[in-house]
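Take a look at the structure below.
All heavy atoms count here, side chains included; hydrogens, waters and symmetry mates do not. Residue numbers run from 1 in the order of the sequence given. Since the model is a prediction, treat every value here as computed from it, not as a measurement.
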Amino acid sequence: MEESMRLAGAHEVRELLGVSRQRVYQLAARSDFPEPVAALAQGKVWLFGDVERWMIARQLLFARERDKPSEEQVHAPGADLVRAET
């Protein structure tokens, strides 16, 4: 099935990610952020689906990192008790 050509400027990306407009441009400068499909006088334009997939991948990555026990938890005396209480 063909993906729709729903476009997103900085405003739409800001709303999708829940960040400021300035943060959108900081994220867009990252090498892992989707490439814009166009650069207009009003700014860059991305495919909405590309940005959405990027966001979902980051959420999964951050969730895995957040759920992974730290070295201190793994090797600390009573580590099982710490995890059981949280």
Under the side-chain hydrogen bond (donor to acceptor under 3.5 Å, both in side chains) rule, collect the residues that match up with Arg21, sequence neighbours excluded. none

Sequence neighbours excluded, which residues qualify as side-chain hydrogen bond (donor to acceptor under 3.5 Å, both in side chains) partners of Glu12? none

Please give me the minimum heavy-atom distance between Met55 and Leu16, naming the atom from each residue. SD-O, 3.7 Å

Locate the shortest heavy-atom distance separating Ala8 from Val13; write the atom from each residue and the value. CB-CG2, 4.0 Å

Would you please name every residue forming a side chain to side chain contact (heavy atoms under 4.5 Å, CB included) with Gln42, sequence neighbours left out? none

Restricting to pairs with a member in residues 21-41, which pass ring pair (Phe, Tyr, Trp, His ring centres under 6.0 Å), not counting sequence neighbours? Phe33-Trp46, Phe33-Trp54

Can you pull out every salt bridge (Lys or Arg N to Asp or Glu O under 4.0 Å) where at least one residue sits in residues 31-47? Sequence neighbours excluded, please. Arg30-Asp32, Asp32-Arg58

